[in-house]
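The model shown is predicted, which means the values in this text are computed figures rather than measured ones.
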Amino acid sequence: MNDMAHTYSQLGRWHEAEELGVHVFEICTRMLGGEYPETLICINNLASNYVDLGKWNKAEELHLHVLEIYTKLLGENHPDTLMSMANLASTYSNLGKWKDAETLQIHVMKMYTKLLSKDHPGTLMSMNNLASTYSNIGKWKEAKELQVHVFEMHTKLLGEEHPDTLTSMSHLASTYNNLGKWNEAEELHQHALERSTRLLGGKHPNTLKCMGNLASLYSNLGKWNEAEELELHILEVNKKLLGEEHYDTLISMDNLALTYSNLRKWKEAEKLQGYVLEMYAKLLGGKHPDTLRSMSNLASTYNNLGKWSEAEELQVHVLEICSQVLGENHPGTLTCMSNLALTYNNLEKWDEAEKLQVYILEIYTQVLGENHPDTLISMNNLAGTFFRLGKLHEAQGMQELVLERSTKLLGEEHPDTIKYMDNFAIFYSIL
C-alpha cells in the first residue's frame with residue numbers, strides 16, 4: 001500500500017497519493033506504534049507527498065516529528081537522523097526559512113564530512129543542498145565554492161559523463177549566471193546539454209532539464225529567440241511523451257509563455273498561461289503554490305496587455321491566499337506584493353503602491369540584508385513610486401544607493417546595474 005502511494009506520487013496523482021498515505025500512516029501507527037521504523041518511513045513518505053502538494057506547513061510538522069524520534073532513539077549524528085535533518089531543511093527552504101535551513105544543512109554537512117569523508121556521495125549531496133540555500137540568500141560566492149568541489153569530485157569519482165556530474169555542472173553554471181559570469185555559465189550549460197544529448201538522447205528528462213537551464217540563461221542574457229527555440233522543443237517532446245496535462249508539460253508551457261512575454265508575444269503568452277492556470281487549479285487545487293504562481297504570471301501578462309483591472313483582481317486574490325497559506329513574510333508572498341504594487345502604479349494608485357513597497361523593503365532588508373539583489377530591486381521599485389509621488393529627494397537618495405550597492409555587488413556590466421544606471425540617468429534628465 002505504501003508502494004502504491006509512492007507510485008501515485010511518481011505519476012503526479014498527488015491527491016490520491018495523499019489519501020492513501022494518510023491511510024497507511026494511520027494503520028502503521030495503530031498496529032506498530034508511533035516510533036516503529038516502518039511507521040517513520042510512512043510519515044516521511046506522507047511528508048514528501050505534502051511537499052509535492054505545496055502543503056509545506058504539514059510537511060514541516062511531520063519532518064519535525066520524525067527528527068525528534070530519530071534523535072531520541074538513534075542520537076543526533078546517526079545517518080537516519082542526519083537524513084531527517086536534511087528533509088526538514090528542504091522544507092524550511094520551501095517555507096522561505098532559509099536561515100533555519102542553512103543552520104541544519106551546515107550541521108549535516110559537517111557531520112557527513114566527519115563520519116563519511118569529504119568526498120562521500122552523502123557529503124557531496126549535503127554540500128549541494130547547502131549551496132542551493134546559499135544561492136537563495138544571495139551567498140553566491142559560498143555557493144560557488146561548494147559547487148566547484150562537488151563538480152570536481154563527481155568528475156573524479158564518477159567520470160565526466162555521469163548524470164550526477166552533469167547535474168553538478170548545471171548547478172555550478174546557474175551560480176555563474178547569478179554572479180554575472182555568463183560566458184562561463186553558457187559554456188557549462190552547453191557542455192552539459194551536448195553530453196546529455198549524446199549519452200541519453202534528445203528526449204531524455206535529464207537532457208530536457210539541461211535544455212531548460214540553457215534556455216533560462218538565454219532569457220537572462222536577452223537571447224529570447226534562442227530561448228524560444230529550446231523551449232518549443234521541450235514542450236513538443238513533453239506533450240508527445242507525457243501528455244498535455246502532465247506536470248512537466250505544464251512547467252514547459254509556463255516557461256515558454258514567459259519567453260513569449262519577453263518577445264512581446266503577449267497574446268500567445270496569455271493563451272498558454274490561461275491553460276496552465278486551468279490545469280493547475282484542476283490538478284493541484286486553487287491554493288497550491290504552482291497555481292498561485294501561474295495566476296501571478298497571467299496577471300503580469302494582463303499588465304502588459306493593459307488589462308490592469310483584471311491584473312489587479314488576480315493579484316489581490318493571489319496575495320490573500322499567499323498571506324494565508326505561506327505567511328506575510330514568505331518570499332513568495334513578498335513577490336505577490338511587489339507585483340500588485342506595480343499594478344497599483346499602472347492604475348495610478350501610488351499611495352497603495354508605496355505602502356506595499358515600504359513593507360517589502362523592510363522585510364527584505366531584515367531577512368536578506370541591505371545588499372541582497374532582491375533588496376536592491378525593491379529599493380529601485382520604491383524609488384520609482386517616490387518619484388511619481390513627487391518625493392524627489394527620497395527618490396534621488398534611494399536610486400543613488402541602489403546604483404552604488406549594485407555596482408559593488410554585481411559589477412558595472414551586470415544587467416541589473418545597467419538598468420539602475422539608466423533609471424538614474426532618466427531621473428536626472430527630468431530634473
Enquirer: Are Pro205 and Asp248 side-chain neighbours, meaning at least one heavy-atom pair lies under 4.5 Å?
Expert: no

Enquirer: So, taking the atom named OG1 in Thr407 and the one named CD1 in Ile418, what distance separates them when rounded to the nearest 0.5 Å?
Expert: 10.0 Å

Enquirer: Hey, is Glu348 close enough to Arg388 for a salt bridge, meaning N to O under 4.0 Å?
Expert: no

Enquirer: Do you know which two heavy atoms are closest between Ala215 and Leu230, and how far apart they sit?
Expert: N-CD1, 3.8 Å

Enquirer: Is there a donor-acceptor contact under 3.5 Å from the side chain of Thr133 to the main chain of Glu102?
Expert: no

Enquirer: I'd like to know if the side chain of Thr375 reaches the main chain of Gly369, judged simply by a donor and an acceptor atom lying under 3.5 Å from each other, with no hydrogens or angles considered.
Expert: yes

Enquirer: Can a side-chain donor-acceptor contact be found between Tyr359 and Asn329 if the only test is distance below 3.5 angstrom?
Expert: yes

Enquirer: Measure the NZ-CG distance between Lys419 and Leu403 for me, rounded to the nearest 0.5 Å.
Expert: 12.5 Å

Enquirer: For Trp56 and His330, take the angle between the two ring planes, folded into 0 to 90°, and tell me which bin it lands in: parallel under 30, tilted 30 to 60, perpendicular over 60.
Expert: parallel

Enquirer: Which distance, rounded to the nearest 0.5 Å, do you find between the CG of Leu314 and the CG of Asn339?
Expert: 11.5 Å

Enquirer: Does Thr291 reach the main-chain N or O of Gly285 with its side chain, forming a donor-acceptor pair under 3.5 Å?
Expert: yes

Enquirer: Short question: side chain of Trp140, backbone of Ser135 - any donor-acceptor pair under 3.5 Å?
Expert: yes

Enquirer: Would one find more than 12 heavy atoms of other residues, nucleotides or ligands at under 6.0 Å from atom CE of Met398?
Expert: yes

Enquirer: Under a plain distance cut-off of 3.5 Å, with no hydrogens placed, do Thr343 and Gln315 share a side-chain donor-acceptor pair?
Expert: yes

Enquirer: Going from CD on Gln190 to CG on Leu214, what distance comes out if it is rounded to the nearest 0.5 angstrom?
Expert: 5.5 Å

Enquirer: Report the distance from atom CD1 of Ile106 to atom CE of Met111, rounding to the nearest 0.5 Å.
Expert: 14.0 Å

Enquirer: Testing Glu231, Glu186, Glu228 for side-chain contact (heavy atoms from CB on, under 4.5 Å) with Tyr218, which one passes?
Expert: Glu186

Enquirer: Report yes if some heavy atom in the side chain of Tyr364 is under 4.5 Å from a heavy atom in the side chain of Ile377; otherwise report no.
Expert: no

Enquirer: Has Thr207 got a side-chain atom pairing as donor or acceptor with Lys203's backbone, closer than 3.5 angstrom?
Expert: no

Enquirer: Flag the pair His189 / Met169 as yes when at least one side-chain heavy-atom distance between them is below 4.5 Å, and no otherwise.
Expert: no

Enquirer: When you measure from the side chain of Ser174 to the backbone of Ser170, do you find a donor-acceptor pair of N or O atoms at a distance under 3.5 Å?
Expert: yes

Enquirer: Measuring from atom CD of Glu270 to atom OH of Tyr302, what distance do you get when rounded to the nearest 0.5 angstrom?
Expert: 5.5 Å

